[in-house]
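Worksheet: the structure to be examined is printed underneath.
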Amino acid sequence: MLKLTNTLTGNLEPFSPDNGNTVRMYTCGPTVYDFAHIGNLRTFVFEDILRRHLRGKGWTLKHVMNITDIDDKIINKAIEAGQDIKTYTAPYTEAFFKDCETLRIERPDIVTPATDYIPEMIDLVGRLIQSGYAYPEGESIYYRISRFPSYGRLSRLEKRELKLGARIDVDEYEKEEPRDFVLWKAPKHEKEPRWEAPFGTGRPGWHIECSAMAMKQLGETLDIHCGGVDNIFPHHENEIAQSEAVTGKPFARFWIHGEHLLVEGEKMAKSKGNFYTLRDLIDRGYDPLAIRYLLVSVPYRKQLNFTFEGLDAARSSLDRIKEFLFRLKSSKFKPGRNPAISAVLTTARKQLDAALDDDLNTAQALAAVFGLIKEGNIALTEDALEEENRSEILQWFEVVEQRLGIVPTVEALVQVDEKVGSLIAQRNEARRNRDFAKADRIRQELLDLDVIIEDTREGTKWRRK
RNA sequence: GGCGCCGUACCCAAGUGGUAAGGGAGAGGUCUGCAAAACCUUUAUGCAUCGGUUCGAAUCCGAUCGGCGCCUCCA
């Protein structure tokens with residue numbers, strides 16, 4: 001049984017979809033004013049693990065994600081660049097999809113830019129005005145928080161006291177109460193994009209896009225709504241206020257939040273010089289799979305301290321998996337099925353499922369994988385692993401890949417290559433003749449081709465570096 | 001100031017009352033013509049500190065110290 005920590009209650013709760021077999025999930029997507037950084041990507045990887053596991057449970061998943069393509073930052077940057085927002089955001093949107101693909105993050109079923117939902121947002125704002133939850137002030141429309149008594153439930157606002165001065169109203173707009181938030185913003189700049197609405201020309205506030213898109217695509221009550229912890233307040237709190245004021249129904253049954261990533265123990269910030277995008281790391285020669293592995297290795301509710309040392313360790317861990325698969329795929333086995341090995345596999349299989357069911361405990365899930373690898377290696381060395389064991393283990397690794405997305409591909413490593421084959425044959429000929437100088441020359445030659453060879457009992461194996 | 005999370009070996013990290021998973025690194029070994037790689041073995045009488053509850057605590061309670069986050073830009 002899958003259990004997830006629900007921010008709404010603060011408890012670990014059993015999860016299943018509300019009606020039928022379909023899980024309706026919404027995740028807050030990126031704001032495309034720049035390339036995504038690894039902190040952003042950590043959250044998307046966590047959501048990816050969640051979606052992979054939900055599907056692994058046999059449920060049908062309908063997963064919706066927005067792309068925020070209109071907000072203050074984007075407008076300012078687009079104006080600076082002399083472009084409209086579509087033109088400005090297009091390359092960053094593309095880059096985001098590319099980064100996700102590079103990190104094996106599966107694409108949500110529906111992913112659309114906020115500006116595709118303007119009519120739905122206008123409709124929501126109109127209904128909020130009609131029911132008294134929203135009011136005009138100046139040329140803009142605000143949400144009246146005093147009308148929504150349960151405001152603050154998600155972030156436990158009722159228990160908070162505000163730091164003196166922390167809530168100084170820096171917004172240039174006037175409002176009835178400082179904590180009221182904007183639903184519809186009047187244009188401030190000539191070149192600012194704007195839409196006509198019954199309540200005035202303007203553009204949507206940030207929070208309304210998620211309410212509009214989520215309810216349009218998934219209905220009035222979602223099964224799961226995800227995001228980073230920083231979105232609990234105010235973003236998700238405001239989404240709840242807007243949506244529930246309109247529908248009178250709970251907006252989401254489960255709120256699930258991913259903790260932040262730190263870099264070298266500090267919050268990542270451009271000013272600190274510890275700000276990395278995926279491209280930055282790839283440019284430094286890191287394998288994207290190692291980056292994903294690192295992001296997966298720490299469960300989502302714990303802050304993840306990103307370090308290059310950690311990234312190197314992730315790469316080494318991945319090598320261990322790769323070596324094991326290489327051994328399985330490149331060796332010959334006697335027919336049959338060793339029940340002892342099958343039992344080990346059964347244990348690993350159960351451990352993986354149980355770990356993910358337990359609030360997506362990815363650290364435990366990886367331990368299950370390595371547990372099998374250790375036993376598998378011992379069996380391989382003792383020649384106790386048989387043909388059917390090999391195939392059932394390889395099949396399980398496909399499941400591991402489906403759930404975690406961290407299994408290295410080995411096919412490319414064992415492909416047939418005539419040139420390499422011929423060099424290896426020549427080297428073995430030299431070794432048989434005890435001409436080790438020549439053998440070592442050929443080994444170097446292969447190394448120059450990025451080919452690593454290993455002399456084993458079963459002959460010389462090779463793989464690409 | 002308020003709210004919340006966290007502190008487990010050299011590093012990362014699991015573990016929510018029954019006697020410390022897993023990975024990396026280090027050390028030793030096996031294999032090898034030599035290497036390299038790989039594989040195996042090994043590494044915390046102790047889980048920030050102090051006190052308490054209990055037959056029993058990393059796990060529960062209290063206090064202290066330290067780190068991080070949020071309190072309308074933020075994944």
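Reminder, nothing fancy here: chain letters follow the sequence lines and each chain counts from 1.
Residues forming a side-chain contact (heavy atoms from CB on, under 4.5 Å) with A:A313 (at least two apart in sequence, or on another chain): none. A:N274 is linked by a side-chain contact (heavy atoms from CB on, under 4.5 Å) to A:V263, A:E266, A:M268, A:K272, counting only residues two or more places apart in sequence or in another chain. Contacts of A:E80 classified as side chain to side chain donor-acceptor pair (under 3.5 Å), with partners at least two apart in sequence or in another chain: none. Judged as a side chain to side chain donor-acceptor pair (under 3.5 Å), and not counting sequence neighbours, the contacts of A:T27 are A:H63. Applying the side-chain contact (heavy atoms from CB on, under 4.5 Å) test to A:N6 and every residue at least two apart in sequence or in another chain returns A:L8, A:T9, A:E13, A:F254, A:W255. Scored by the side chain to side chain donor-acceptor pair (under 3.5 Å) test, A:D48 finds A:R52, A:R292 as partners (sequence neighbours excluded). Evaluation of the side chain to side chain donor-acceptor pair (under 3.5 Å) rule for A:H225 yields A:E239 as partners, not counting sequence neighbours.
Only A:H37, A:G39, listed by number, bring a heavy atom of residues 25-39 of chain A to less than 4.0 angstrom from any atom of RNA chain B. Scanning residues 419-430 of chain A for heavy-atom distances under 4.0 Å to RNA chain B yields A:R427.
Listed pair A:K267 / B:C74 fails the phosphate criterion, with no side-chain N or O lying under 4.0 Å from OP1 or OP2.
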Under 3.5 Å between N/O atoms: give me all the protein pairs with nucleotides 11-14 of chain B, atom names plus distance.
residue, atom, partner, partner atom, Å
B:A14, OP2, A:K302, NZ, 2.8
B:A14, O3', A:N361, ND2, 2.9
B:A14, O2', A:Q364, NE2, 2.4

Please tabulate, one pair per line, each protein N/O and nucleotide N/O from nucleotides 36-38 of chain B that are separated by under 3.5 Å, including the distance.
residue, atom, partner, partner atom, Å
B:A37, O2', A:E454, OE2, 3.3
B:A37, O2', A:R463, NH2, 3.4

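Using a 4.0 Å heavy-atom cutoff across all strands shown, A:G265 reaches sugar-phosphate atoms only and no base atom. When heavy atoms are screened at a 4.0 angstrom cut-off, A:R301 is found touching no nucleic acid atom at all.
With salt bridges taken as basic N to acidic carboxylate O contacts below 4.0 Å, one links A:R432 and A:E429.
A donor-acceptor pair is defined here as one N or O able to donate and one able to accept, closer than 3.5 Å; no such pair exists between the side chain of A:R427 and the backbone of A:I442. A donor-acceptor contact shorter than 3.5 Å links the side chain of A:E192 to the backbone of A:K188.
On the C1' atoms, B:G7 is 16 Å away from B:C50, given to the nearest whole Å. Nucleotides B:G22 and B:G33, compared at atom C1', are 37 Å apart to the nearest Å. Comparing B:A37 with B:C74, their P atoms are spaced 48 Å from each other, to the whole Å. The separation of B:A44 from B:A38, taken at their P atoms, amounts to 24 Å, rounded to a whole angstrom. Across B:G24 and B:C6, the matching P atoms stand 27 Å from one another, rounded to whole Å. Distance check on atom P: B:U32 versus B:U45 gives 38 Å, rounded to whole Å. Nucleotides B:A58 and B:G18 place their P atoms 11 Å apart, quoted to the nearest Å.
Within the shown strands, B:C55 is the pairing partner of B:G18 under the Watson-Crick or G-U definition, both distances less than 3.5 Å.
By the criterion of a centre-to-centre distance under 5.5 Å and near-parallel planes under 30°, the ring of A:F436 forms a stack with the base of B:G33.
Distance from the side chain of A:N40 is smallest to B:A75 among B:A75, B:G22, B:G33. When distances run from any side-chain atom of A:D358 to the nucleotides B:C73, B:C39, B:G15, the shortest one goes to B:G15.
A parallel orientation is assigned to the rings of A:W206 and A:H235, their planes being inclined by less than 30° (bins at 30° and 60°). The aromatic rings of A:H236 and A:H257 are tilted relative to each other, their planes meeting at an angle between 30° and 60°.
For A:L261 and B:A75, the CG to P distance is 13 Å, given to the nearest whole Å.
Judged by the 6.0 Å and 45° rule, A:R390 forms no cation-pi pair with A:F333.
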Can you give each donor-acceptor pair under 3.5 Å made by side-chain atoms of residues 354-363 of chain A, sequence neighbours left out, with the distance rounded to 0.1 Å?
residue, atom, partner, partner atom, Å
A:D357, OD1, A:H53, NE2, 2.8
A:D357, OD1, A:K57, NZ, 2.9
A:D357, OD2, A:M1, N, 3.3
A:D357, OD2, A:K57, NZ, 3.0
A:D359, OD1, A:T5, N, 3.0
A:D359, OD1, A:Y300, OH, 2.7
A:D359, OD2, A:T5, OG1, 2.6
A:D359, OD2, A:R301, NE, 3.1
A:N361, OD1, A:A363, N, 3.4
A:N361, OD1, A:Q364, N, 3.0
A:T362, OG1, A:V296, O, 2.6

